[in-house]
Enquirer: 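Take this structure first; my questions come after.
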Amino acid sequence: MGSKILVVFKVFPAGPDEVSAVKEGVKAVKAGEFKDMKAEPLAFGLEIIKVAYLIPDKTDGAMEALEQAVRNVKGVNQVDFSWANTQID
């Protein structure tokens with residue numbers, strides 16, 4: 001029986017024209033297993049995208065690698081860690 005960590009980030013697109021591309025880009029991140037995404041309106045057509053991934057619990061550097069991969073998505077302005085929770089298989 002293994003465990004994984006469910007990690008949620010708040011992703012801020014660079015502008016309203018980038019929202020669709022960022023949504024597609026965060027789904028394609030391979031550093032974690034994509035689980036869910038929810039967009040929340042912010043202002044002036046801009047949205048915050050909350051995105052959830054599963055990563056292995058006992059892998060050193062997995063969280064940092066995932067965060068960096070999300071930051072590298074084209075059109076992303078800022079990524080903030082939101083929360084994490086251990087999931088048991």
Enquirer: Which heavy atom of Ala39 sits nearest to which heavy atom of Glu47, and what is that distance?
Expert: CB-OE1, 3.4 Å

Enquirer: Could you list the residues that satisfy side-chain contact (heavy atoms from CB on, under 4.5 Å) with Glu33, not counting sequence neighbours?
Expert: Lys4, Lys35, Leu54

Enquirer: Mind listing the closest non-hydrogen atom pair of Leu66 and Gly32 along with its distance?
Expert: CD1-N, 3.9 Å

Enquirer: Applying salt bridge (Lys or Arg N to Asp or Glu O under 4.0 Å), can you list everything that pairs with Lys10, at least two apart in sequence or on another chain?
Expert: none

Enquirer: Determine the minimum heavy-atom distance between Val70 and Val11, stating which atoms define it.
Expert: CG1-CG2, 3.7 Å

Enquirer: Say whether Phe12 and Val8 are linked into one hydrophobic cluster, either directly or through other cluster members, by side-chain heavy-atom distances under 4.5 angstrom.
Expert: no

Enquirer: For Phe9 and Asp80, what are the C-alpha separation, side-chain angles and deciding distance, and is it a side-chain contact (heavy atoms from CB on, under 4.5 Å)?
Expert: CA-CA 6 Å; Phe9 294 107; Asp80 291 340; over 6 Å; no

Enquirer: Give every residue pair that meets the side-chain hydrogen bond (donor to acceptor under 3.5 Å, both in side chains) criterion with at least one member in residues 65-77, sequence neighbours excluded.
Expert: Glu67-Arg71, Gln68-Asn72

Enquirer: On a heavy-atom basis, which atom in Ala31 and which in Ala65 lie closest, and how many Å separate them?
Expert: CB-O, 3.9 Å

Enquirer: Kindly give the heavy-atom pair with the smallest separation between Ile5 and Ala84, and that separation in Å.
Expert: CG2-CB, 3.7 Å

Enquirer: Do the side chains of Lys50 and Glu40 get nearer than 4.5 Å, heavy atoms only?
Expert: yes

Enquirer: Is the closest side-chain heavy-atom distance between Pro13 and Ile49 below 4.5 Å?
Expert: yes

Enquirer: Counting C-beta onward and ignoring hydrogens, is there a side-chain heavy-atom pair between Thr59 and Ile55 closer than 4.5 Å?
Expert: no

Enquirer: Begin from the C-alpha positions of Val51 and Phe34 and carry the test side-chain contact (heavy atoms from CB on, under 4.5 Å) through to its verdict.
Expert: CA-CA 8 Å; Val51 61; Phe34 174 80; 3.6 Å; yes

Enquirer: Taking CG in Asp60 as the centre, count heavy atoms belonging to other residues, nucleotides or ligands within less than 6.0 Å. Is the count above 12?
Expert: no

Enquirer: According to a 4.5 Å side-chain heavy-atom criterion applied to Ile, Leu, Val, Met, Phe, Trp and Tyr, with indirect links allowed, do Phe81 and Leu6 form part of one hydrophobic cluster?
Expert: no

Enquirer: Determine whether Trp83 and Val7 satisfy the following criterion, side-chain contact (heavy atoms from CB on, under 4.5 Å), listing intermediate values before the conclusion.
Expert: CA-CA 6 Å; Trp83 59 271; Val7 181; over 6 Å; no

Enquirer: Could you tell me which non-hydrogen atom of Lys23 sits nearest to which non-hydrogen atom of Val26, and how far apart they are?
Expert: O-CG2, 3.4 Å

